[in-house]
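So you know, we letter chains A, B, ... as the sequences are listed, proteins then strands, and number each from 1. None of these values were measured; they are calculated from a predicted model.
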Number of protein chains: 2
Amino acid sequence: MDRLDIRIVDILQRRGDLTHAELAEAVGSTPSTCLRRVRSLQKAGILTRNVFLADGAKLGRGLRAIITVTTKDYDLARRAAFAKSVGAEPAISYAYGVTGDLDAILIGNFRDMVEYQATCDRLFDGDKNITRYTTHFISETYKDDPAIPCDPALSGG
Amino acid sequence: MDRLDIRIVDILQRRGDLTHAELAEAVGSTPSTCLRRVRSLQKAGILTRNVFLADGAKLGRGLRAIITVTTKDYDLARRAAFAKSVGAEPAISYAYGVTGDLDAILIGNFRDMVEYQATCDRLFDGDKNITRYTTHFISETYKDDPAIPCDPALSGG
DNA sequence: CAGAGTTTTGGCAGAATATTGCAAGGGCCC
DNA sequence: GGGCCCTTGCAATATTCTGCCAAAACTCTG
């Protein structure tokens, strides 16, 4: 993970469809070196996968919501079960267990309120362990980019 | 946006580095048709861009946090200013204005608590309009995938 | 239901790109 | 300083991309 790797990761997180020649020019190297670096970064699990990002609104899923969840008991078995049921919900893109006065936070892309409520019902209704869920609908997007900054400080690692 | 487009978007959101031949086989079509469909989906803004996803922990940014923010006045000008300052913070990946008893929710990838606090100080300290910010650190990931499900219902659009 | 016009499709060939082997250069440890 | 190992860059080869054309499918009209 030297300075060249950092530049490569930094660029590929923003533009994943560059040719190796373009990438080489952008980072100041050669195509074959870039190819080898990218493959080694993938093998190391630093670059996990290449994806296309899509416009949720144009796919008919413009209703985004952040759902916070509190539970009564949040032990290992219950968390595993929750992870499984969340995984089965295609409308949920992100789901995390968190510290603080909440237990889990979910982010979903819904077609409409009907689908939102149906999803919540499937996830939470009937589960006596869920104390409460609160939904914040996204009304404005200030920033939306999965890129993680590449810190020059880790050149040594 | 017919059934073929939906299959293409569905697959490319998961694997963006397929060759057109592989994509063609996966969706039951031919490479040249896939090329044209992908281009037209990009031009239509349905597929927005192609990126590599990276492992935050391996980039030295394993500390993920969801920060909720409440403000006193959240008018248009203040929201624009907030969007700008959030945009200047590389550690913040997502930032949204939301409905409910919160005004904004941020998600960031931090190197450590020091960087977390420094970022919060830059964003919130000195801004008398920020009533409160509360942080939930992500302790467990149940699901983490930017893919938006492609609903067959929109075949007609 | 037939026919013309329009759009989309599938395959091909040339061009561009990705990939690999090999020799040379540079860094590191002894 | 010498030997070893990793990385680099070039050139050759394999793969993939892409513009083009005829054919098929679809749409609209009479």
Side-chain angles (χ1 to χ4, degrees), chain A residues 1-55 58-60 146-157, chain B residues 1-55 57-60 146-148 150-157:
Chain A
M1 200 72 199
D2 60 6
R3 206 150 297 245
L4 180 58
D5 283 326
I6 289 171
R7 283 204 212 113
I8 289 173
V9 172
D10 198 50
I11 290 176
L12 289 186
Q13 281 190 94
R14 283 164 239 289
R15 307 190 40 76
D17 53 358
L18 294 179
T19 66
H20 288 139
E22 292 169 321
L23 178 61
E25 192 179 6
V27 302
S29 183
T30 59
S32 62
T33 294
C34 283
L35 165 72
R36 275 184 286 243
R37 292 297 190 111
V38 170
R39 281 172 67 187
S40 122
L41 287 165
Q42 286 178 304
K43 202 163 76 176
I46 293 169
L47 294 175
T48 51
R49 60 203 178 106
N50 179 285
V51 300
F52 275 85
L53 302 181
D55 183 327
K58 288 181 176 151
L59 288 174
I148 292 162
C150 294
D151 203 316
L154 49 79
S155 302
Chain B
M1 200 73 198
D2 60 6
R3 207 150 297 243
L4 179 58
D5 283 326
I6 289 171
R7 281 204 213 112
I8 288 173
V9 172
D10 198 51
I11 289 176
L12 289 186
Q13 281 190 94
R14 282 164 242 288
R15 306 189 40 76
D17 54 358
L18 292 179
T19 67
H20 289 139
E22 291 169 322
L23 178 62
E25 192 180 5
V27 303
S29 184
T30 59
S32 60
T33 294
C34 283
L35 166 71
R36 272 184 299 245
R37 293 298 189 108
V38 170
R39 281 218 183 128
S40 116
L41 287 165
Q42 286 178 303
K43 203 163 75 177
I46 293 168
L47 293 176
T48 52
R49 60 204 179 104
N50 179 285
V51 300
F52 275 86
L53 302 181
D55 183 326
K58 288 183 176 149
L59 289 174
I148 292 162
C150 294
D151 203 317
L154 49 79
S155 301

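- The distance from atom CZ of B:R37 to atom P of C:dT7 is 15 Å, rounded to the nearest whole Å.
- Regarding B:L23, its CG atom lies at a distance of 13 Å from the P atom of D:dT16, rounded to whole Å.
- Counting only distance, with no hydrogens or angles, the side chain of A:T48 and the backbone of B:D55 share no donor-acceptor pair below 3.5 Å.
- Nucleotide D:dT7 holds its C1' atom 11 Å from the CG atom of A:L4, rounded to whole Å.
- The side chain to side chain donor-acceptor pair (under 3.5 Å) check on A:R14 picks up A:D10, with sequence neighbours excluded.
- If you measure from atom CG of B:D5 to atom C1' of C:dT7, you get 14 Å, rounded to the nearest angstrom.
- Residue pairs meeting the salt bridge (Lys or Arg N to Asp or Glu O under 4.0 Å) criterion with at least one partner in residues 40-53 of chain B, sequence neighbours excluded, are A:D145-B:R49.
- Near DNA chain D, defined here as any heavy-atom distance below 4.0 Å, there are no residues from residues 7-16 of chain B.
- Judged as a side chain to side chain contact (heavy atoms under 4.5 Å, CB included), and not counting sequence neighbours, the contacts of B:A44 are B:I46.
- In this structure, B:A54 and A:Q13 approach most closely via the heavy-atom pair CB-OE1, 3.5 Å.
- Residues passing the side chain to side chain donor-acceptor pair (under 3.5 Å) test with B:T33, sequence neighbours excluded: B:T30.
- Here A:D5 pairs with A:M1, A:D2, A:R37, A:L41 under the side chain to side chain contact (heavy atoms under 4.5 Å, CB included) rule; sequence neighbours left out.
- For the pair B:L47/A:L53, no side-chain contact is recorded, criterion being any heavy-atom separation below 4.5 Å from C-beta on.
- Contacts between residues 41-52 of chain B and DNA chain D, counted as heavy-atom distances below 4.0 Å, involve no residue at all.
- For the helix from C:dC1-D:dG30 to C:dC30-D:dG1, the end axes, each set by the C1' atoms of five terminal pairs, are bent relative to each other by 40° (nearest 10°).
- Taking the side chain as every heavy atom from C-beta outward, A:Q42 and B:F52 approach each other to under 4.5 Å.
- The side chain of B:S29 contributes an N or O atom lying less than 4.0 Å from OP1 or OP2 of C:dG10.
- Residues in residues 20-31 of chain B take part in no salt bridge (Lys or Arg N to Asp or Glu O under 4.0 Å) pair, two or more places apart or across chains.
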### Query
How does protein contact run along nucleotides 11-27 of chain C, one letter per nucleotide 5' to 3', with B for base contact, S for sugar-phosphate only, - for none, heavy atoms under 4.0 Å?
B------SBBB------
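- Listed by chain and number, the residues in a side chain to side chain contact (heavy atoms under 4.5 Å, CB included) with B:A26 are B:I11 (sequence neighbours excluded).
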### Query
Yes or no on side chain to side chain contact (heavy atoms under 4.5 Å, CB included) for B:D17 and A:V51, after CA distance, side-chain angles and deciding distance?
CA-CA 7 Å; B:D17 54 358; A:V51 300; over 6 Å; no
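- Under the rule for a salt bridge (charged side-chain N to carboxylate O under 4.0 Å, His left out), B:R36 has no partner lying at least two apart in sequence or in another chain.
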